[in-house]
Protein chains: 2
Amino acid sequence: MKDNLDVECENVHSFIQDTLYVVNGKWKLVILSILVNKGTRRFGELSRESGISPRILSRELHELEMNQLISRRVCNTKPVTVEYSSTEYAETLKEVIGAMIRWGQNHRKKIKGQ
Amino acid sequence: MKDNLDVECENVHSFIQDTLYVVNGKWKLVILSILVNKGTRRFGELSRESGISPRILSRELHELEMNQLISRRVCNTKPVTVEYSSTEYAETLKEVIGAMIRWGQNHRKKIKGQ
DNA sequence: CTGGATCCATTAGGATACTG
DNA sequence: CAGTATCCTAATGGATCCAG
């Protein structure tokens with residue numbers, strides 16, 4: 001399907017695709033924006049705050065954890081609670097998250113004005 | 001400033017989702033990065049350069065055009081050729097595209113180092 | 001050259017119920 | 001409370017053929 005003739009040209013595109021591979025889907029950046037900008041959250045809090053159903057949230061959190069963007073901490077409460085926090089590495093995504101928030105704001109303004 | 005952020009905190013998630021709604025999928029930001037950073041391309045050029053099959057590319061271009069991010073120009077050649085360019089509005093996505101390219105570069109470096 | 005039509009495989013996402 | 005199991009639908013992506 002894709003040949004290797006254009007290796008140099010494709011570098012920029014593949015950087016974008018690398019990023020998309022990590023933060024793909026409807027929810028990962030939403031989850032990260034909560035944890036990065038607002039701080040630690042429990043599973044149920046995240047679910048309510050974002051509107052993500054438990055099954056999806058569980059999967060997304062696993063994937064984010066695998067990419068070292070969030071950390072999971074089990075608390076010795078009864079019943080057990082779990083805290084999710086963004087890692088230092090997630091801080092490097094602030095530029096991306098911020099850019100998307102700003103663009104979304106501006107875009108909504110534009111759409112409303114039409 | 002902080003008050004302002006707090007007030008808008010409820011909407012931050014939907015701003016991200018607005019942006020994701022426009023540039024969703026594996027390909028839209030790749031296509032835009034080509035047209036914005038490297039200039040006008042024909043249909044076949046885009047297909048080869050990005051590795052997107054014609055059917056998918058066609059659909060993505062339609063959606064980008066609907067969102068006024070690219071423009072389509074039919075040329076009076078034989079056979080007909082079509083030129084796709086990024087619009088002025090697409091320039092506003094440069095911040096997002098740039099942030100994702102930089103993060104992808106950095107991320108690849110990190111992954112390799114592990 | 002452009003790009004639609006058809007067909008198919010894979011994945012993403014959602015609702016609900018349920019267990020430790 | 002946290003998360004998994006099950007089931008299901010919709011969306012995404014790709015291959016190939018074909019027509020203007």
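Quantities reported herein were computed from a predicted structural model and do not represent experimental measurements. Every chain is numbered from 1 and lettered A, B, ... according to where its sequence line falls, protein lines coming before strand lines.
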Sugar-phosphate, base or nothing in reach of B/Lys78, heavy atoms under 4.0 Å: nothing
Whole-Å gap separating P (D/dC1) and CZ (A/Arg73): 18 Å
Minimum-distance nucleotide (side-chain atoms of A/Arg42 versus C/dG14, D/dT12, D/dC1): D/dC1
Length of the CD1-C1' vector between B/Ile52 and D/dG13, whole Å: 11 Å
Along DNA chain C (nearest heavy atom to each residue), the more 5'-positioned of A/Arg59 and A/Pro79: A/Arg59
Chi angles and distances behind the side-chain contact (heavy atoms from CB on, under 4.5 Å) call for B/Asn37, B/Ile101: CA-CA 12 Å; B/Asn37 293 323; B/Ile101 290 175; 4.3 Å; yes
Whole-Å gap separating P (C/dT2) and CD (B/Glu45): 8 Å
Sugar-phosphate, base or nothing in reach of A/Pro54, heavy atoms under 4.0 Å: base
A/Trp27 CH2 to C/dG13 C1', straight-line distance once rounded to whole Å: 9 Å
Atom-to-atom span, CG of A/Leu64 to P of D/dG3 - whole angstrom: 13 Å
Protein-nucleotide distance (B/Ile56, atom CD1; C/dG4, atom C1'), rounded to Å: 13 Å
Residue-phosphate contact under 4.0 Å: B/His62 side-chain N/O, C/dG4 OP1/OP2: yes
Pair A/Thr92, B/Trp103: side-chain N/O donor-acceptor within cut-off below 3.5 Å: yes
B/Leu57 CG to D/dT16 P, straight-line distance once rounded to whole Å: 18 Å
Closest nucleotide among D/dG3, D/dT12, C/dG13 to the B/Asn24 side chain: D/dT12
Listed nucleotide nearest any side-chain atom of B/Phe43, set D/dC1, C/dG3, D/dT12: C/dG3
Residue-phosphate contact under 4.0 Å: B/Lys26 side-chain N/O, C/dT11 OP1/OP2: no
Per B/Thr81 side chain, nearest of listed nucleotides C/dC1, C/dG14, D/dA2: C/dC1
Shortest side-chain distance from A/Ser58, nucleotide among D/dT4, C/dG3, C/dG14: D/dT4
Any donor-acceptor N/O pair, A/Ser85 side chain to A/Thr40 backbone, under 3.5 Å: no
Most 5' of A/Gly25 and A/Val80 on DNA chain C, judged by nearest nucleotide: A/Gly25
salt_bridge(A/Lys28, A/Glu60) N-O dist < 4.0 Å: yes
Rounded interatomic separation in angstrom, taking CG from B/Leu20 and P from C/dA12: 15 Å
Parallel, tilted or perpendicular, as decided by the 30° and 60° cut-offs, for the rings of B/Tyr89 and A/His107: parallel
Pair B/Arg72 + B/Glu83, salt bridge at N-O below 4.0 Å: no
Touch class at under 4.0 angstrom, heavy-atom based, for A/Arg55 against every strand present: base
B/Tyr84 side-chain N/O to C/dC1 phosphate OP1/OP2 under 4.0 Å: no
